[in-house]
Amino acid sequence: MAALCESFTLCGLGPSGGVGLGGGLLALEPGPDPDHVLLTDRGRTATLFKVSDQKPLGCWSVKHGQIITCPVVCNFETHEYIAVHDDKVLRIWKNTDINLDKVFKATLSADVYRIHSLPHGGPIVLFKGGGVRTLDVLLEAPQQEIENIISDEVIKWSEAFMDGQQPVLIFTTEKGGDFFVYVQKLKMNSLHKYKLEQREIPKPLIFTAYIKNQIITLLCLYSNDSVYKVLIPLQQNSEEEEQILCKSQLLKLSVSGSVLKGTSFVVLDKNHIAILGSLAAPGEESKECLTIWNTKFQTLQTSKELPLATSGQLWCYEEKFFFTHGKVLTVIMYKCETSSLAAAVGKHKDSQTPDVSSFVNWNTLADEELVVSFQSQQSVVLKSESKMTLRSKRNSIAKVQPDTLSVGQILLNLKDTSTTVFEDELRQLISKARMPDFQASIGCVITALINRCKTNPKYYPRNFLLHIVQTQDLSYSLCPDLMAVALEKKDVHLLQICLQRFPDIPEEITYACLKVFLSISEAYLQRIDVNLESVICYIDIEFNNKEVKTEIVENGFNAELEQETIWNTEITKDTHLTADGSFCPVGPQKAALLNAVLHSGYSEVFLLPHLKNLPAQQAVLFLRYLYYLYVKSSEKINTALPGIRSPTISQIMDWMCLLLDAHFTVMVMLPEAKELLSNLHKFVRAQVRFYSELNKIEGSLRELQRLNHQKDSQTYSIEVLELI
Amino acid sequence: MGEFEVHRVRFFGLVPAGVRCLAYQPRGGRLALGRTDGAVEVYNFAANYFQEKVIPGHEARSVEALCWVTGDRLFGAGLGGEIAEYDLSRLCVACSVDGGGGPIWSMAANSSGTQLAIGCEDGSVKLFQVVPGGIQFERNLDRRKGRILCLSWHPSDTHIAAGSIDIFRVLDVSSGQTVQRVMVNYHVHKVKRECIVWSIAFLSSGTIVTSDSFGRVQFWDWERGTLLESHTVSTSSVLSLAVSEKEDSIVVGTSTGATYQFQLLPVKMGSLEKRWVRTKPFQHHTHDVRAVAHSSTALISGGLDAQLVIRPLMEKMQKKGYEAALRKFTFPHRRLVSCARKARLLLFQFSQHLELWRLGSTNETGKDGEVLPLCRMPEHLLQLKSKGPEHIYCSCVSPCGSWVAYSTASRFHLYRVQYENDSVSVKKVPKVPKLLLPAYQLQFSTDSDNLFVASARGSVHILQLLEPGSCKHLHTYRPPSECPEAVYLLAVSSDGHWLAAVSGDWAIHIYNLKCFKHHCTVPTYDCAVTALAIHPITNNLVIAYSDQQLFEFSIPEKQYTAWSRTVQNQGLHKVWLERDSPITHITFNPKNPSHILLHDTYMFCVLDKSLPLPDNSALLMNQSTLKQLPETARQRQLHAFKICKKFQPLLFADLLDENCLVMVERPIMDFKTQLPLPIQQKKFGT
């Protein structure tokens with residue numbers, strides 16, 4: 001939840017002293033150090049403040065008659081300040097300088113729109129004509145000619161980011177009701193121009209943007225009091241002219257009848273934006289307030305009324321809002337914690353698997369999906385896959401088809417089309433960002449695919465399904481037939497991914513997966529691509545590839561066992577390797593699949609009846625594997641297996657108990673299980689003894705501790721105390 | 001800053017007396033507390049729960065019940081059979097009246113404050129009229145067999161509920177007749193034990209709440225004599241019970257040390273039907289909780305483990321924070337130890353005797369944290385038993401160690417102690433001047449030539465001590481304007497020039513000792529003074545208030561010092577202000593004039609005025625952090641407060657010489673073992 005915390009006044013803005021001399025503020029920029037801000041007023045002055053101390057550290061003014069025309073910024077690398085006055089005159093100074101007349105001055109050949117300073121990228125100067133230069137380039141020849149790119153368009157807003165190592169500048173322009181977005185990558189010297197999709201009335205008023213995973217998300221507040229989102233991928237290689245950007249509605253700024261007329265807004269994190277504006281209910285006087293909205297749940301999280309007028313400007317640095325309120329500059333701290341429905345009802349999933357969200361993200365998916373499709377270019381498995389997605393993406397940017405058709409209708413239309421067309425269309429469908437009930441649509445898409453699989457037994461879009469499951473946040477209940485079909489097709493990789501990702505798999509299906517995994521032959525598995533990350537860290541693959549079944553090996557592990565039961569060693573020495581738990585009884589692929597089963601959630605009551613049906617041979621094999629895991633995890637003092645998604649000791653123990661419960665009589669009767677059970681018993685006994693020894697040590701240690709205390713409880717002592 | 005050789009003393013065998021009864025006065029925000037040794041204390045909630053008044057106990061005067069009447073009059077009654085009114089400005093019994101019914105077990109005042117009812121051993125309930133200056137016997141109500149253990153007036157003052165053994169009765173005040181008699185053990189057939197009604201409350205709705213020795217809290221309809229609800233909260237007795245003013249919450253205390261809250265809650269959301277529900281259990285005590293009280297925002301409980309616990313109710317607090325923190329008080333907010341710096345002696349004050357100890361010594365030195373080998377063990381030199389039933393008010397040993405003085409309610413004693421080789425001889429100074437007694441604080445001058453005696457009505461007597469063992473009264477200082485309150489704290493400058501005295505109205509008067517006249521008054525600060533001391537070199541008076549503020553007042557200049565103003569401007573650190581035990585002693589290091597040494601129960605602090613004050617973002621207790629830093633990095637982290645929390649609970653700390661400290665600790669476990677065993681409870685696994 002987001003919350004506004006305490007507020008304080010940074011400085012007065014009144015004509016009598018304070019900052020700004022009544023003219024108001026031009027802008028607020030971060031200062032050279034954390035907790036510092038630079039205030040530029042609409043006049044001649046820039047002031048550096050230490051926020052927590054509420055006190056000015058420095059103040060610089062240009063001469064009478066001159067006027068600062070763009071916000072003063074700080075060059076974070078050199079700790080110099082940069083100002084532009086009278087549109088063209090550049091001033092650069094340091095903290096120690098007092099008089100701005102005597103500092104470095106350069107007159108430029110064109111009007112400056114704004115200077116952006118980036119922490120690791122140096123300052124970038126944006127000219128009113130759309131030309132962009134880094135400060136370094138500009139200072140080499142201040143009088144160099146600056147091209148005019150945007151002819152008679154007017155710059156409305158600009159922002160700069162770092163994309164990895166290179167600075168990126170984005171700015172929007174307007175001309176005759178049309179809005180354009182320019183993205184300039186400075187190092188590559190590439191400029192892209194986009195047109196903002198525009199349909200008559202609502203006009204974008206304010207912009208803000210952030211960059212994540214090479215995608216710029218541009219948020220626009222439109223005149224119809226809605227916030228729209230526009231995604232602009234940075235990895236564009238085509239030189240197409242003027243692509244059109246589609247927007248999708250992110251948020252409607254209305255709460256129970258009253259509408260927020262935003263004047264300024266900032267992005268706080270993935271799910272939160274803050275908007276300063278006036279809240280007007282019909283028939284009531286509007287009141288200005290600062291609001292925080294959750295874009296994920298589309299809710300107003302918190303708001304604060306501002307009875308004195310604001311200037312409509314809002315800045316946000318280091319978890320603090322800055323805005324003018326009445327005649328003062330007010331600072332409000334805020335807290336913004338990621339909110340999720342699950343957290344709200346106290347059912348946040350185990351933090352071990354934070355990347356798998358178990359709930360439906362109705363709104364944030366759009367850009368995540370884009371991200372995934374861009375990133376997956378590196379992935380070998382999905383290479384062809386993602387290329388297609390990219391192309392279709394570009395199409396969708398270029399085409400601007402009004403998607404008036406609902407998902408259901410599209411699916412209906414596609415029912416009888418050829419397989420390739422069908423898949424292409426579906427791909428397009430799921431790559432669209434602007435669907436309102438995106439998650440449900442994905443469910444429909446999968447159902448459509450599965451239905452096609454059912455009607456056409458030869459058809460099975462393995463990779464496509466895998467891609468969807470891997471990239472979307474799905475659940476079993478959203479596509480109940482998917483796993484059944486996968487089981488039928490023995491698509492173990494898909495099943496593995498499903499087991500890892502779906503939070504709500506019924507026990508029956510879990511059992512079916514287990515059975516398939518156990519029954520499938522190792523030879524077959526070796527040809528199949530399975531995610532091995534859960535086993536790779538502890539399994540000995542080399543050894544396993546050999547046929548070792550008949551080999552007699554000395555009992556390797558477990559010193560305690562050897563020490564304690566010497567009479568046993570003779571017997572254990574000539575036992576089968578498979579029965580003593582030191583080598584993996586299954587191949588790594590199968591192990592990885594079984595781990596996925598171990599890792600999935602279940603309820604004992606519902607699983608037990610199914611587990612009873614497991615054929616005896618398979619049960620023994622599974623028990624053998626569990627025993628192996630148990631021995632493996634006991635090797636380390638923290639009883640945890642290395643690797644990602646490797647089973648925990650309690651999962652292993654629970655499954656072992658469950659399996660023994662389910663197959664108790666079978667295990668007793670089965671001759672091949674005898675050996676295994678006896679070894680298991682010995683191992684457990686050894687462990688129990690070991691822990692009881694630990695118990696004794698604990699007792700002694702506690703006694704020592706107590707004795708230590710007793711020394712402390714003397715009635716008199718002279719001690720040395722040092723105070724610093 | 002430096003190393004100290006710390007004499008860590010744990011042989012002060014103080015056992016604080018258990019809490020017997022509590023009376024909360026909502027209007028004045030004051031809590032009266034009676035202890036098992038007969039002492040009565042008053043805590044001022046507005047002054048950060050400071051224990052502002054202590055009336056020492058008396059062997060023959062136990063306190064079984066305390067009552068506030070008409071706001072500020074405090075009455076107590078006990079097994080001695082007398083009802084006493086306390087004089088809270090002179091801290092003694094103002095008058096006492098025999099109840100006439102044997103030991104008094106209970107007492108309650110009616111809501112208008114005109115009558116007191118007492119419950120006696122002989123089974124009678126007697127009414128006394130409260131008149132100016134005392135009480136008058138009015139009449140007896142219907143007398144039956146069985147001692148009256150608890151009493152409660154109906155808020156309309158028409159009826160009194162009286163709890164006894166196996167029964168409780170309702171008496172009509174106007175007729176004096178018993179109008180209802182209810183057997184409380186009626187529902188327990190099999191057990192042949194008697195059921196003691198320990199505590200009773202009469203609600204305005206006509207419901208009577210009883211708590212009994214069967215561990216039950218029961219709600220009765222008094223007119224029908226029927227049981228409405230019964231809650232068994234404990235397997236042992238429920239000893240005490242208190243109802244909130246709004247009658248929507250009840251707190252009960254049990255003999256297992258647990259307290260429980262009951263709340264009157266709607267059966268369903270929005271429903272009008274309400275029931276009493278046991279809501280919150282608390283286990284703050286280890287022994288019997290003999291007394292509970294209910295303020296509007298907190299549950300207050302006192303146990304035989306001598307603890308007073310104030311547990312704010314979260315739902316009544318505006319915000320979570322310091323105000324909502326649990327308070328526990330075990331030790332008095334005043335000093336029971338005095339120290340003869342030069343002679344290295346400690347004088348411990350117990351309720352009826354004094355102990356004089358000589359500290360040990362060592363020849364070794366060591367590093368921080370090391371325990372040094374002793375070359376001489378501490379020595380118990382003397383035990384002075386106070387004759388008579390009265391408990392000791394105050395005591396003091398002179399800096400040279402040769403004079404010891406103490407005072408009880410009616411007597412003042414001065415002793416001359418002589419040390420010859422290994423033997424100690426004590427001689428009582430005969431014919432001490434007749435003073436206005438009791439003395440509330442005693443203080444010797446630094447040169448041990450004079451003794452200052454804090455007395456009633458704001459006055460301070462000065463006695464001149466004469467060799468070989470006599471004294472004479474020199475002068476009595478009185479505040480320029482009439483003051484009814486007694487002086488409770490004294491501070492003398494080491495040059496013998498100034499004397500500062502704090503009276504119960506928190507005014508600090510400074511007297512010039514050279515010309516025997518009143519010098520000035522420190523500007524009034526509306527909070528209780530908990531400690532004060534005069535700097536030996538600058539003659540600045542350092543004052544600690546119960547809201548944890550510190551002031552420094554220049555006596556020669558009659559104004560606050562620049563440093564004091566800086567402190568007030570910058571404000572003290574939040575953590576400092578949120579400590580919950582008051583500073584009880586301040587002293588100085590003559591070799592290091594910028595240092596002020598102060599302590600409370602949980603910390604010892606050297607305040608270095610030459611260093612910057614910490615702001616709220618800095619770590620206040622930074623000693624352990626500093627110790628890990630290299631010398632060069634320390635400089636930037638240093639701030640004025642050097643706090644050591646190693647010694648707890650700290651009853652006294654003083655500087656013996658330049659780098660030698662004495663710390664008197666009383667580990668809780670040490671005195672817990674001396675308390676009677678609590679009820680044995682089976683704990684899991686034992």
**Study point:** Straight-line distance of A:Glu722 CD to B:Gln623 CD, nearest 0.5 Å
**Key:** 8.0 Å

Check your understanding: How far does CG of B:Asp368 sit from CD of A:Glu719, to the nearest 0.5 angstrom?
Key -> 10.0 Å

Check your understanding: Is atom CG of A:Asn695 surrounded by more than 12 heavy atoms (other residues, nucleotides or ligands) closer than 6.0 Å?
Key -> yes

Point to revise | Donor-acceptor under 3.5 Å (B:Lys642 side chain, A:Leu723 main chain) | key: no

Review point. When you look at NZ of A:Lys94, are more than 12 heavy atoms from neighbouring residues, nucleotides or ligands closer to it than 6.0 Å?
Key: yes

Check your understanding: In a check of side chain to side chain contact (heavy atoms under 4.5 Å, CB included) between A:Val720 and each of B:Asn659, B:Thr362, B:Val371, B:Leu372, which one passes?
Key -> B:Leu372

**Study point:** Neighbour count above 12 (heavy atom, 6.0 Å) for A:Lys304 NZ
**Key:** no

Exercise for review: Among B:Gln637, B:Glu631, B:Lys627, B:Glu3, find the one that has a side chain to side chain contact (heavy atoms under 4.5 Å, CB included) with A:Ile724.
Suggested key: B:Lys627

Check your understanding: If you draw a 6.0 Å radius around CD1 in A:Ile98, do more than 12 non-hydrogen atoms from other residues or ligands fall strictly inside?
Key -> no

Exercise for review: Measure the spacing between CG of B:Asn616 and OG of A:Ser52 and express it to the nearest 0.5 Å.
Suggested key: 11.5 Å

Check your understanding: Side chain, backbone, both or neither: which part of B:Ser617 has a non-hydrogen atom closer than 4.5 Å to chain A?
Key -> neither

Point to revise | Gap between atom OH of A:Tyr716 and atom CG of B:Leu359 - 0.5 Å precision | key: 4.5 Å

**Study point:** B:Leu626, part contacting chain A, at a heavy-atom distance under 4.5 Å
**Key:** both

Check your understanding: Which pair of heavy atoms, one from B:Cys644 and one from A:Leu721, lies closest together, and at what distance?
Key -> SG-CD1, 3.7 Å

Review point. How long is the gap from NE2 on B:His7 to OG on A:Ser717, to the nearest 0.5 Å?
Key: 10.0 Å

